Amino acid sequence: MDVSKLKADRLKKLGQLKELGINPYPYKFERSHLASQLQELYKELPKGSENEDQVTVCGRIMNSRNNWLFTDIHDDSGKIQLFCHKDSLPEEQFNMLKLLDKGDFVGCTGTMKRTPAGELSVRAKNLVILSKSLLPLPDGWEGFTDVEARYRHRYVDMITNPEVRDTLRKRSLTIRHMRNFLDDHGYLEVETPTLQVEAGGADARPFVTHHNALDIDLYLRIATELHLKRMIIGGMERVYEIGRIFRNEGISTRHNPEFTMLEMYCAYGDYNQLMDFTEEMLRYIAEKLLGTAELVYQGKNISFAKPFRRLRMADAIKEVTGLDVSTLKTNEEAKAAAVKLGVELENKDSRGHIINAIFESKVEHTLIEPTFLMDHPVEISPLTKIHRTNQGEVERFELFVYGRELANGYSELSDPQDQRERLEEQAKKKAAGNEEAMPLDLDFIMAMEYGMPPTMGIGIGIDRLVMLLTDSPSIRDVIAFPTMKPIKHQ
RNA sequence: GCGCCCGUAGCUCAGCCGGUAGAGCACUCGGCUUUUAACCGAUUGGUCGUGCGUUCGAGUCGCACCGGGCGCACCA
């Protein structure tokens, strides 16, 4: 069956509706109840009985049986059956039924009934079409499962697969609970530029765009960090931004080129305090969203209720590989140790990068339960304060859950001279061809020279958090319209 | 970017060693009619992702391309 023939059938019905003087695309409709409200309100209505309570519902026709006698409509809340019998409907409306199709929107006023089979129904007494659908929806028991088609036509996915809407609803609620938590703790939500002259604050390749009037290239931000810290310097002591970040990198089940990140900064705190705060916030969000902080993700139990494990990176490596990284004094010794462990070292030369590579290759995937992995090498953390006691380390933590990085926080570097040296080091790497190294942001250093208070700051990947909370295997499941390669027409 | 796998009807899928393109659901028509139908009967419906090649003959074999999935890499 050519889809154009299916469409032609529906166009013919559309024409017939118009000939009957019916507007298939009216302007508004007022309902009295959502489907779920009726299901709740009349859950005690016995089988085979009905009453005179008048209700008005509307939604999309998803199924019908017996020549429209039993017609299921779905609204955002759920499903309700319309009982369309010729004795209850005006004749012209009863005749209109055969001009309807699955996928059409209708509105219906009627009385409440529960059929002998037990299905709560609205006995239709007035039925109007609210929109004619011209294309067939996927149906049958198999449903709509083709992964590419689902993401390319996400609206069909949303219509057909209710869990899609549920996941996106939970995404919205996750962010709402997060906002509430931060607002309740005295944080101010702010906005910082998406278009930037230099994209800094993370190790990532940016997207480039062009401003015509200024005739300059601009970069889409890869982090909000440097601007939020400018606000801390400016005296705004607790700020956060939940915003879209763009990174010009590969696409996978855990990566979308644009994703949403929370970054928050708080003056006068350090990373120890921040770990407590992060734990408390995640526990709060899970309990508000799911009613429990005990999660199940892809068949594994993950507890946000218990205190998160805190593990130094050096200890983690020692635990898994037996290697004591404190004995590695030089780049060469580090490299030799990594090679001995079979760790791939592409373009990684510094001791810190090599230690991090060992961690990522040997340890990261083992961190299933929430774990704060602490005290990273200084070389991989150019915006972080030097550890107050441990040589060569910084006061940083990454939160790992299910072997994936969920958050990254630290005691923010506030010494402008140290910051300048570290960014100059980054700029050298960038000049040497490392596209992910940070640029030398002189204005940021100048801001810090005016004086920056001790500060704690964290970034949390919202998409990955929602994946965990909704047991979604792919980041695309938690993004309404994930990035897709366009189809090439020849 | 690399590796493995996939692409056949609107949807979900068969199609073996190369020999006339199939099923279920949906659609259309008919039957039944305060009944749950995922029913009964009939009819429709396909440049087998695209191109080139091998062959008497290609959905099937080969090559290239397009699109996708998963994994790796990079990162959050």
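Naming: A, B, ... by sequence-line order, numbering from 1 per chain. This structure is a prediction, so every number in the text was calculated from the model and none was measured.
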Whole-Å C1' distance, B:rG62 and B:rU43: 41 Å
A:W68 CH2 to B:rA26 C1': how many Å, rounded? 12 Å
Pair A:F83 + A:F70: ring centers closer than 6.0 Å: yes
Can a side chain N or O of A:R254 be found less than 4.0 Å away from OP1 or OP2 on B:rC72? yes
Using atom CD1 of A:I380 as one end and atom P of B:rC74 as the other, report the distance to the nearest whole Å. 13 Å
Considering only side-chain heavy atoms of A:R123, which listed nucleotide, B:rU33, B:rU34, B:rU35, is closest? B:rU34
Kindly assign one of parallel, tilted or perpendicular to the pair A:F397 and A:F372, based on the angle between their ring planes and the thresholds 30° and 60°. perpendicular
Does one side chain, of A:S252 or A:H255, offer a donor that lies under 3.5 Å from an acceptor on the other? yes
When both distances are under 3.5 Å in a Watson-Crick or G-U wobble arrangement, the nucleotide paired with B:rC11 is B:rG24
In terms of side-chain heavy atoms of A:S474, which of B:rU36, B:rC70, B:rG68 is nearest? B:rC70
Suppose we call two aromatic rings close when their centres sit under 6.0 Å apart. Are A:F359 and A:F400 close by that rule? yes
Residue A:H255, side-chain heavy atoms: nucleotide from B:rC75, B:rC11, B:rU36 that is nearest: B:rC75
Rounded to whole Å, the CG-P distance (A:N63 to B:rA26) equals 9 Å
Of the nucleotides B:rU35, B:rC11, B:rU36, which has the atom closest to the A:P138 side chain? B:rC11
If the cut-off is 4.0 Å, is A:S252 near the phosphate of B:rG71, judged by side-chain N/O to OP1 or OP2? no
When you compare B:rG22 with B:rC48, how far apart are their C1' atoms, in angstrom units rounded to a whole number? 12 Å
Under a 3.5 Å limit for both distances, which nucleotide forms a Watson-Crick or G-U wobble pair with B:rC2, could you say? B:rG71
Return the nucleotide paired to B:rG51: Watson-Crick means purine N1 to pyrimidine N3 with N6-O4 or O6-N4, wobble means G-U with N1-O2 and O6-N3, both under 3.5 Å. B:rC63
Length of the line joining A:F70:CZ and B:rU35:P, which is rounded to integer Å: 7 Å
Side chain of A:N67 - closest among B:rA38, B:rC75, B:rC32: B:rC32
What distance, rounded to whole Å, do you find between the two P atoms, one in B:rA21 and one in B:rG57? 15 Å
Which listed nucleotide (B:rU35, B:rC75, B:rU34) is nearest to the side chain of A:N66? B:rU35
Spacing of A:E364 atom CD relative to B:rC75 atom C1', expressed in whole Å: 10 Å
Looking at the rings of A:F181 and A:F277, which for Trp means the six-membered one, are their centres under 6.0 Å apart? yes
Considering only B:rU28, B:rU35, B:rU34, which nucleotide approaches the side chain of A:D87 most closely? B:rU34
Just to confirm, is there a sub-4.0 Å distance from OP1 or OP2 of B:rG68 to any side-chain nitrogen or oxygen of A:R152? yes
Is A:L69 touching bases, backbone alone, or none of the nucleic acid, heavy atoms closer than 4.0 Å? base
Of the options B:rA37, B:rU34, B:rC27, whose atoms approach the side-chain atoms of A:L6 most closely? B:rC27
Nearest to the side chain of A:K113, heavy atoms from C-beta on, is which of B:rU34, B:rC70, B:rC75? B:rU34
Can you confirm whether the side chains of A:E263 and A:Y265 place a donor and an acceptor under 3.5 Å from each other? yes
Which listed nucleotide (B:rC11, B:rC70, B:rC75) is nearest to the side chain of A:R247? B:rC75
Could you tell me whether B:rC4 is syn or anti, where syn means a glycosidic angle within 90 degrees of zero? anti
